[in-house]
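Data first, discussion second: the structure below is written as structure tokens.
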Amino acid sequence: MNAKPEKKAIKKIPRTEMPAQPPMERVRNYFEVALGYTLADAQAEASRCIQCKKPLCRQGCPVEIDIKGFIGQLQKGDLPGAYKVLRDYNSLPAVCGRVCPQETQCEGECILGKKPEKTGGPVAIGRLERFVADTFAAKLAEGDSACIQLTGQAACRMERPELKVACIGGGPASLTVAGYLAALGIKVTVFEALHEVGGVLVYGIPEFRLPKAIVRREIDAMRALGVEFRTNWVGGKAILVQELLDEGYKAVFLGVGAGLPQFMGVPGENNIGVFSANEYLTRVNLGRAYDFPNFDTPIFKADNVAVIGGGNVAMDAARTALRLGAKNVYIVYRRTKGEMPARHEELEHAIEEGVQLQCLCGPLEFIGDENKRLTSIRLQKMCLGEPDASGRCRPMPIEGETSELKVGLAVIAVGTRPNPILLEATPGLKLNKRGYIEADPETGETSIHGVFAGGDIVTGSATVISAMGAGRRAAKEIAKRLLGTDA
Ligand code: FAD
Ligand code: SF4
């Protein structure tokens with residue numbers, strides 16, 4: 001009788017910590033907080049992966065990266081091999097390694113996370129992904145022959161100039177479409193309304209979480225593959241979808257995000273000193289207001305700042321305000337800390353840096369002085385009621401209990417909506433009840449034949465990787481139609 005193979009023993013080895021700038025140092029600069037693994041850190045963390053026969057981690061990844069495969073290559077010390085596995089699924093690994101909510105995706109499914117007290121916790125997949133992408137880029141820049149050979153293979157493809165595809169919007173959804181199709185030799189042009197490509201990656205997520213040089217590096221790699229980027233082009237104004245089809249584009253992908261800020265409709269919201277998070281972060285990130293006097297972009301500063309909301313956007317705005325010199329930054333949130341939708345790591349980093357939580361309250365009024373300059377916010381105290389449709393407990397006002405918070409700047413980060421410019425200018429484009437584009441979940445095709453959509457403009461505000469997943473599905477379908485086979 002054949003003996004059963006011995007089950008690989010799981011040893012308790014703690015996750016390898018990510019080196020980071022100390023909190024009191026990093027609030028005085030705009031450099032990246034998390035510093036990345038060293039080679040020794042990466043080897044130690046990769047060795048924790050037990051190379052499961054049926055890896056659950058992959059099921060947790062929206063683009064189904066062969067996680068076991070790339071970590072397996074790392075275990076063998078084959079960095080280009082690890083990078084190749086990643087790039088086969090993800091065109092922005094250095095970005096995803098930094099901003100994906102791994103704790104609820106791949107790492108949330110990793111078998112080692114099921115009994116952390118016995119294993120030390122799930123493999124730090126995101127940190128390894130970042131390590132592979134960054135180290136590969138550094139080696140490529142140094143002229144490493146194996147890395148050059150790998151990129152050379154990617155660039156060596158059959159050009160098909162007669163097949164051209166347009167993307168409107170230059171965020172992660174469109175970039176994924178562009179990267180995928182360009183690698184097959186299809187000519188892709190991306191039309192972006194702003195003066196820089198990257199979407200939220202450049203205008204929303206701050207430098208201290210995602211250095212812009214990394215986004216530019218990924219975009220340059222696409223340019224090298226032949227993708228054309230046209231900035232300052234507003235789809236629906238400067239160019240219409242029908243015009244693109246008439247010009248011979250074989251397909252059009254709409255990846256315009258959901259960047260229209262939502263306000264709260266409470267009195268005093270138009271006082272001077274009340275901003276949407278979108279405007280505040282765009283001035284600082286895209287306009288580089290943090291880098292005065294090299295960039296002279298006006299930005300509003302105050303000693304006391306309130307940020308309304310509890311998601312990643314709120315954390316980014318609060319941490320930005322601290323770096324711009326605020327003495328007190330409050331997160332005003334109507335539920336409790338436990339219900340905040342922000343990534344755990346972002347919330348903890350914000351608290352370490354000194355951001356103060358004002359939970360179970362919400363603005364009733366933004367109070368201004370005689371010049372309509374914000375001086376304080378009147379807050380309604382709340383308690384938690386029964387769970388609502390989102391499964392979280394509904395915040396309920398406590399009758400008659402209010403307080404006043406003295407602040408000179410308030411940043412509203414309570415969500416966004418689709419911008420109507422392109423949608424209204426595209427006859428026949430079917431929208432859902434919430435005003436987002438209706439697209440086939442498998443192919444991304446909209447109600448207009450040959451016009452596809454994906455990312456936040458279909459789902460509402462979501463994540464970078466889900467936008468990329470939608471882009472990948474649409475790109476596959478476009479490639480299938482244009483090339484006649486499953487690409
Ligand atoms: P976007 O990234 O919004 O890109 C759309 C692009 O289209 C923009 O560049 C826009 O200028 C352009 N555009 C709009 N209208 C037009 C038009 N008419 N013509 C031409 N161009 C147009 N997700 C995570 O996974 N992790 C995070 O940590 C995280 N943090 C976030 C922090 C902030 C501050 C914000 C705002 C979002 C964050 N998200 C995060 C969400 C994530 O960034 C988005 O889900 C993702 O970027 C959506 O990608 P997209 O390509 O659909 O759209
Ligand atoms: Fe490795 Fe965890 Fe994936 Fe198993 S589930 S292959 S241990 S990363």
Side-chain angles (χ1 to χ4, degrees), residues 10 46 48-61 66-72 95-96 98-102 105-107 109-114 119 122-125 128 167-177 190-206 209-210 230-239 254-261 277-278 280-282 285-286 311-317 320 342-343 345-346 413 415-416 418-423 425 453-468 470-471:
I10 300 177
R48 296 183 62 236
C49 170
I50 57 169
Q51 295 285 295
C52 303
K53 211 168 172 188
K54 288 189 181 150
L56 300 174
C57 51
R58 191 172 189 172
Q59 295 169 18
C61 173
D66 177 6
I67 293 165
K68 170 184 167 179
F70 102 81
I71 298 180
V95 171
C96 290
R98 284 171 166 82
V99 304
C100 274
Q102 291 104 9
Q105 298 180 337
C106 52
E107 293 179 15
E109 296 298 324
C110 170
I111 190 84
L112 300 190
K114 305 296 171 203
T119 63
V123 175
I125 299 166
L128 291 175
C167 295
I168 305 185
S174 287
L175 291 177
T176 304
V177 173
V190 176
F191 296 88
E192 164 57 50
L194 296 172
H195 62 274
E196 267 187 52
V197 180
V200 171
L201 307 182
V202 293
Y203 81 73
I205 303 180
R209 264 207 313 129
L210 177 62
R230 293 199 201 167
T231 49
N232 299 313
W233 280 74
V234 180
K237 292 275 183 205
I239 190 87
L254 311 179
V256 290
L260 194 69
N278 187 298
Y280 185 69
L281 289 171
T282 303
N285 297 320
L286 192 69
N312 285 327
V313 183
M315 298 306 142
D316 283 344
T320 297
R343 284 188 70 191
E345 186 180 270
E346 303 313 326
T416 52
N419 188 315
I421 293 178
L422 177 70
L423 311 183
D456 283 4
I457 190 57
V458 171
T459 55
S461 288
T463 59
V464 172
I465 194 73
S466 57
M468 292 177 64

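Owing to the predicted nature of the structure, the values given are computational and were not obtained by experimental measurement. Numbering of ligands and ligand atoms starts at 1, following listing order. Side-chain atoms are counted along with the backbone in the values below, which use heavy atoms only and exclude waters and symmetry mates.
Contact of the P420 side chain with the L260 side chain is registered, since non-hydrogen atoms from C-beta on lie closer than 4.5 Å. A heavy-atom distance below 4.5 Å is found between the side chains of T463 and P101. Taking 4.5 Å as the limit, some side-chain heavy atom of L201 sits within range of a side-chain heavy atom of V464. D66 is listed as a side-chain neighbour of R58, based on a closest heavy-atom distance under 4.5 Å. Inter-residue side-chain proximity for T119 and K114 is flagged as unmet; no heavy-atom pair is nearer than 4.5 Å. Taking the side chain as every heavy atom from C-beta outward, N278 and Y203 approach each other to under 4.5 Å.
I421 does not count as a contact of ligand 1, since none of its heavy atoms falls under 4.0 Å from the ligand. Under a 4.0 angstrom heavy-atom cut-off, I205 registers as being in contact with ligand 1. Ligand 1 lies nowhere less than 4.0 angstrom from a heavy atom belonging to S461. The closest approach between a heavy atom of G236 and any atom of ligand 1 is not below 4.0 Å. Heavy-atom distances between R209 and ligand 1 reach below 4.0 Å in at least one pair. In this structure, G259 falls outside the shell of residues with a heavy atom less than 4.0 angstrom from ligand 1.
Counting heavy atoms only, G255 comes closest to atom 5 (C) of ligand 1 of the residues C167, G169, G255.
Contact detail for S461 and T416: the closest heavy-atom pair is OG-OG1, 2.8 Å. In terms of heavy atoms, A173 sits closest to G455 at CB-CA, 4.1 Å. For the residue pair G235 and I421, the shortest heavy atom distance occurs at O-CG2, 3.7 Å. Here the closest non-hydrogen pair linking T176 and G471 is CG2-C, 4.1 Å. Here the closest non-hydrogen pair linking K68 and P55 is CD-CG, 3.9 Å. When every heavy atom of N312 is checked against every heavy atom of A342, the shortest pair comes out as OD1-CA, 3.6 Å.
From the protein, the heavy atom lying nearest to atom 32 (C) of ligand 1 is D316 OD2, 3.2 Å. The closest protein non-hydrogen atom to atom 51 (O) of ligand 1 is A173 N, 3.0 Å. Residue, atom and distance of the protein heavy atom nearest to atom 39 (N) of ligand 1 are A462 O, 4.3 Å. Looking from atom 4 (O) of ligand 1 to the surrounding protein, the closest heavy atom is G171 CA, 3.4 Å. Closest to atom 7 (S) of ligand 2, if we only count protein heavy atoms, is I50 N, 3.6 Å. Atom 21 (N) of ligand 1 has A193 N, 3.1 Å as its closest protein atom, hydrogens excluded (heavy atom only). In terms of protein heavy atoms, atom 26 (N) of ligand 1 is closest to V99 O, 2.7 Å. Taking atom 3 (Fe) of ligand 2 as the reference point, the nearest protein heavy-atom neighbour is C57 SG, 2.3 Å. Nearest protein heavy-atom neighbour of atom 13 (N) of ligand 1: V256 O, 3.9 Å. Among all non-hydrogen protein atoms, the one lying nearest atom 53 (O) of ligand 1 is G257 CA, 3.4 Å. Looking at atom 4 (Fe) of ligand 2, its nearest protein heavy atom turns out to be C52 SG, 2.3 Å.
Atoms OG1 and NE2, from T231 and H195 in turn, are 8.5 Å apart once rounded to the nearest 0.5 Å. Put simply, CD1 on I239 and CG on L422 are 11.0 Å apart, with the number rounded to the nearest 0.5 Å. Separation of atoms CE (M468) and SG (C96) is listed at 4.5 Å; rounding is to 0.5 Å. Of the inter-residue distances, the one linking L128 atom CG with C49 atom SG reads 9.0 Å to the nearest 0.5 angstrom. The distance from the CD1 atom of I67 to the CG atom of L56 is 10.5 Å, given to the nearest 0.5 Å. Note that CD1 of I125 and CD of Q102 are 8.0 Å apart. Values are rounded to the nearest 0.5 Å.
Close N/O approach between V200 and ligand 1 is found [any backbone or side-chain N/O within under 3.5 Å]. For ligand 1, one of its N or O atoms has an N or O atom of E192 under 3.5 Å away. For a threshold of 3.5 Å applied to N or O pairs, the pair formed by G235 and ligand 1 contains at least one separation below that value. Considering backbone and side-chain N/O atoms, V464 comes within less than 3.5 Å of an N/O atom of ligand 1. The shortest N/O to N/O separation between P172 and ligand 1 falls below 3.5 Å. For the pair L194 and ligand 1, the shortest N or O to N or O distance does not fall below 3.5 Å. In terms of polar-atom proximity, P101 is not counted as a contact of ligand 1, lacking any N or O under 3.5 Å from an N or O of the ligand. Between V313 and ligand 1, no pair of N/O atoms sits closer than 3.5 Å. The N/O atoms of D456, backbone and side chain alike, include one that comes under 3.5 Å of an N/O atom in ligand 1.
Close approach of ligand 1 to G199 is summarised as follows: ligand atoms under 4.0 Å from at least one heavy atom of the residue are 2 (O), 4 (O), 8 (C), 9 (O). With ligand atoms numbered from 1 in the order given, ligand 1 contributes 19 (N), 20 (C) to contacts under 4.0 Å with heavy atoms of I168. Atoms of ligand 1 found under 4.0 Å from any heavy atom of G455, numbered from 1 in the order shown, are 52 (O). Listed by atom number, the atoms of ligand 1 under 4.0 Å from L281 heavy atoms are 34 (C). Interface of V234 with ligand 1, defined as ligand atoms under 4.0 Å from a residue heavy atom, comprises 18 (N), 19 (N). Remark: ligand 1 atoms within the under-4.0 Å shell around heavy atoms of A467 are 48 (C), 49 (O), 52 (O). Interface of G170 with ligand 1, defined as ligand atoms under 4.0 Å from a residue heavy atom, comprises 6 (C), 7 (O). For ligand 1, the atoms sitting less than 4.0 Å from at least one non-hydrogen atom of W233 are 19 (N), 20 (C), numbered in the order shown with element in parentheses.
Among the atoms of C49, an N, O or S atom is found under 2.8 Å from atom 1 (Fe) of ligand 2. Using a cut-off of 2.8 Å, one finds that C110 contributes an N/O/S atom close to atom 2 (Fe) of ligand 2.
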Problem set entry | I205/N285 under side chain to side chain contact (heavy atoms under 4.5 Å, CB included): CA gap, chis, key distance, verdict | CA-CA 8 Å; I205 303 180; N285 297 320; over 6 Å; no
For this session: Check the pair V256, N419 against side chain to side chain contact (heavy atoms under 4.5 Å, CB included), reporting the backbone distance first and the verdict last.
Result: CA-CA 8 Å; V256 290; N419 188 315; over 6 Å; no
Problem set entry | Pair V177-V190, side chain to side chain contact (heavy atoms under 4.5 Å, CB included): steps then yes or no | CA-CA 10 Å; V177 173; V190 176; over 6 Å; no
